[in-house]
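What follows is a short report on a single structure.
Atoms considered below: every heavy atom in the structure, side chains included; atoms not considered: hydrogens, waters and symmetry mates. Naming: A, B, ... by sequence-line order, numbering from 1 per chain. Here the structure is a predicted model, which means the values were calculated and not measured.
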Amino acid sequence: MKNSIKLFFSGIMGALYLGCGFLEIGFWIVPGLAAMEVVPADILGGFVLCVIGLVFLAGVPGLRSGTPGAIAYLFVGLLLSLAFGLVAFLAIGAGWLETALFGDLSEWSAAEMAVPMLYLALGSMAGYAAWGREFFRGVARA
Amino acid sequence: MSKKITIALAGNPNVGKSTLFTAITGKRQHTGNWPGVTVEKKSGSVRHHDTDIEVVDLPGTYSLTAYSQDEVIARDFIIDGKPDVVVQVVDATSLERNLYLTTQLSELGVPLVIALNMADMAEQRGDVIDLQKMSKYLEIPVVRTVGSKGEGIGGLLDAVVRESGTSPHHEHSIGYGDRVEPVIADLIEALRQDPALTSRYPPRWLAVRLLEGDEDAEKKIKVSRARDAIYSILSGIDAGEYEALMADRRYEVIAAVLPQVCTTCVGEMTASDLIDRVVTSRYLGIPIFLVLMWGAFELTFTVASPFMAMIEAVQEYLAGVAAGIQPGWLATLIGDGLIGGVGSVLIFLPNIFILLFLLAILEDSGYLARAAFVMDRLMYSIGLPGRSFIPMIVGFGCNVPAIMATRTIEDTSDRLITILINPFISCGARLPVFVLFAGLFFPENPGTVIFGLYVLGIVVAIASAKLFRATILPGKPAPFLMEMPPYRLPTAMTSVRHMWDRGSMYIRKAGGIILIGALVIWALAASPAGVEYGSAASYAGMIGQAVQPLFAPLGFNWEMTVSLIFGFVAKEIVIASLGTLYGVGEDAGALEGALLADPALGSITALAFMVFVLLYLPCIATMAVIRKETGSWKWTAFSIVFGTAVAYLAAFIIARGGALLFGGVIP
Amino acid sequence: MTGLPLAFVPAGRKVTVSEVRAGPGMFRRLSSMGLHPSSLVEVVCADRGSLIVAVAGCRYALSRGMAMKVMVQEEGA
Ligand SMILES: Nc1nc2c(ncn2[C@@H]2O[C@H](COP(=O)(O)OP(=O)(O)OP(=O)(O)O)[C@@H](O)[C@H]2O)c(=O)[nH]1
């Protein structure tokens, strides 16, 4: 029962990350393709998204057949997705801070927040809230 | 009445010895969640009631037989340093293996106290350990400690003081059974011929070591007069068989004791194992590692930039103030020497600190050991063991601790190669040069250029390793065998502390050697009296012009030449001296302007310069540590010559190749 | 009584070490790390040639060459 939700979640997140990753790489390689508002052209960032997507997807077969360890892919995927959400957030936050201190804040728009690395991580937050505790009981705090 | 005793903290790697050392003495030691963090013995002291205790933190070791440099240090201190008490720090979550060392230590006959560390982890897992019983069966006092929270320190010191009073010490030794014991008895008999030796070391312990084929014990015998008698006993037996029998017996004893003192809950796959399945999996392992590196890189540059802007603003303000100072020479001293020189370096502290913070997280989480595992195959193909990967990562922070970390590599030629290629790994001190030049001359994509330089450093390191393997240091890398510590969520506190411990060095450097360097260069640029500051007629100009022909093929002007000459002291000085020479004090941010305006400098020359700075001679501190770790001036000189030759060649290719491709003329 | 090399054991399987076919130095080293005849080993990861094993609550990474020298038996066999 619960596993089917996890399966569904992994599949969706994996597909979204992989899709956005390909788009970012595609936009970068073919400059003619105008980047979408919400998906920038960024080859390295696109690679990151692809890897996260693949981690999610790698867990799908195992989750479907009920292999015990398969859940790990979901959690590592969540972890990476959150970590890079944080990276994107900090990078954008630093940009904001610099504009606020030395530039003109009116030039800065909230649209800069719209990068997949950040908004896709919101989905993972939900997943983490639902299942994170269960898994991290095992990883001791130092 | 006050007593003075020395105690040694010994134990397996990564059990928390350094953490406990810090908790006892208050003296901060670098810790990290991977085996082999401590590679040197460090001492500190503490007063407990009326006893002065000198505490010595030792590198980790699995047994008293040493394989690598760090283990030799630990063994020598335990055996020959004659500490009053040895505290064996034991990881409560893996008693069986930890007690193996205990069986060896107790044969040695030194007073022993067990600190049952990581007790919190064991309890959290549901283990129950009966300390009273444990200490009764082992005949050793056992104290529960949690190093990371400072629990149990008082009790531990009580036990240490009590134990230091008990003498003579009982040697509680294991009986090795009917096959082995007679041989041990014969050996002891033979050893008695040399009273000098047996008064230094317990004869039974020596006999056991000899039977186990310990090289260090054999070395002791070689110069002893009991030598012939012992050799005749040893040659009559099958050493391998005895060794196996004795190891078996040790574990039998442990297996007999353990179930009575604790109930453990090992056996299930932990979350840590599940994570390992994913992050070390065949296809995802290396991509995950690369992605994490990219994240670290991204953070280092983006997050630092507002802080850099702030420092720059402060500097600009100070420069404005300095310009008004009378007399004029003082104004240039402060403006050009101090603010232009040291200030140009300080701007980059945010980058360095963020980089170090991320490296600290990498170390504390336990992922570093996995990175070595994932890269093992790749490393093997260039002729190095996977272990060599750890010093390479540590080198991104600073090459000095990285070269020290090679002590855990057993094979000498593996280790030598790892040391020799480390200076090519771009350390934090080189970052300022890259950030400044890449930002100026490649304004469209400075990040890509800097990333490329890091990659170039790694590629050159790898190529050199392959070259050394093929020529001067042939051989096969040792097989990979390394402990994988459990993952821990690093706390912000510890990571910040680690960042600070390593990062404060850069601040001290800025206030010390870089300041001095900047002042020397300022003095050279301002004299002889009456000369125009920083002009070609100054001493600095003369030095630069004298050497500059050497660098002319690379397109470097005399200012750059001077900065490179002084940069061998510390690589930040390259920036500091450019700042001083271009006399940018009056108007901060003008170093950029001055560099851009210089006709000798184009983007090709800038690239050649960055590559040269990346690869050329290691800084003084790195040279000193190479000398110390290789124990040879020859290898140190080799490293200097090789690095500079490679740097010159690479810069030459870029300068000339660029000139050919883009038709630019290099004067 | 010798069984198969540890390198051939799939992930997730628990086995008992029956023999360590290594030189004296390596034998001693493995012993002191807890990998000795009769110890219980669980293979944690095995899909990149080298493997991670769990022995007595510790995790070790072993290269494939090393894992070929450790002979094991299926638990209960
Ligand atoms: N939970 C818990 N963690 C601990 C404890 N003691 C140490 N640690 C953690 O264990 C890790 C290893 O500690 P170190 O002090 O570096 O270990 P070491 O024995 O000096 O290691 P080597 O230098 O490699 O021999 C660090 O990440 C510590 O934060 C403890 O009692 N409980």
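- In terms of heavy-atom pairs under 4.5 angstrom with chain B, the leader among C/Cys45, C/Ala67, C/Ala61, C/Cys58 is C/Ala61.
- For B/Arg377, the part sitting under 4.5 Å from any heavy atom of chain C is the side chain, from C-beta outward, and nothing else.
- For a residue to count as touching a neighbouring chain, one of its non-hydrogen atoms must lie under 4.5 Å from one of that chain's; by this rule B/Glu252 does not touch chain C.
- Between chain C and the options B/Ala255, B/Ser63, B/Pro485, B/Pro35, heavy-atom pairs under 4.5 Å are most frequent for B/Ser63.
- With a 4.5 Å cut-off on non-hydrogen atoms, C/Arg64 does not touch chain B at all.
- Ring-centre distance between C/Tyr60 and B/Phe480: not below the 6.0 Å cut-off.
- B/Tyr251 and B/Glu96 form no side-chain donor-acceptor contact under 3.5 Å, judged by distance and modelled atom types alone.
- In summary, the side chains of B/Asp276 and B/Tyr487 do present a donor paired with an acceptor at a separation below 3.5 Å, with no hydrogens or angles considered.
- A donor atom on one side chain and an acceptor atom on the other are found under 3.5 Å apart for B/Thr103 and B/Arg250.
- Under the 4.5 Å side-chain criterion, counting only non-hydrogen atoms from C-beta, B/Met134 is in contact with B/Ile129.
- Interface residue C/Ala11: backbone and side-chain heavy atoms are both found under 4.5 Å from chain B.
- Interface remark: B/Ser281 contributes backbone and side-chain atoms alike to the contact with chain C (heavy atom separation under 4.5 Å).
- For the set B/Asp376, B/Ile254, B/Val374, the entry with the most heavy-atom pairs within less than 4.5 Å of chain C is B/Val374.
- Using a 4.5 Å cut-off between heavy atoms, B/Asp248 contacts chain C through its side chain alone, with no backbone atom that close.
- Options B/Pro486, B/Ala369, B/Ser94 differ in how many heavy-atom pairs under 4.5 Å they form with chain C, and the most are formed by B/Ser94.
- Between C/Val17 and C/Val70, the closest side-chain pair of non-hydrogen atoms falls below 4.5 Å.
- Top candidate by heavy-atom pairs under 4.5 Å with chain B, chosen from C/Leu51, C/Leu35, C/Leu30, is C/Leu51.
- A donor atom on one side chain and an acceptor atom on the other are not found under 3.5 Å apart for B/Thr408 and B/Arg415.
- If you check the side chains of C/Thr16 and C/Gln73, you find no donor sitting under 3.5 Å from an acceptor.
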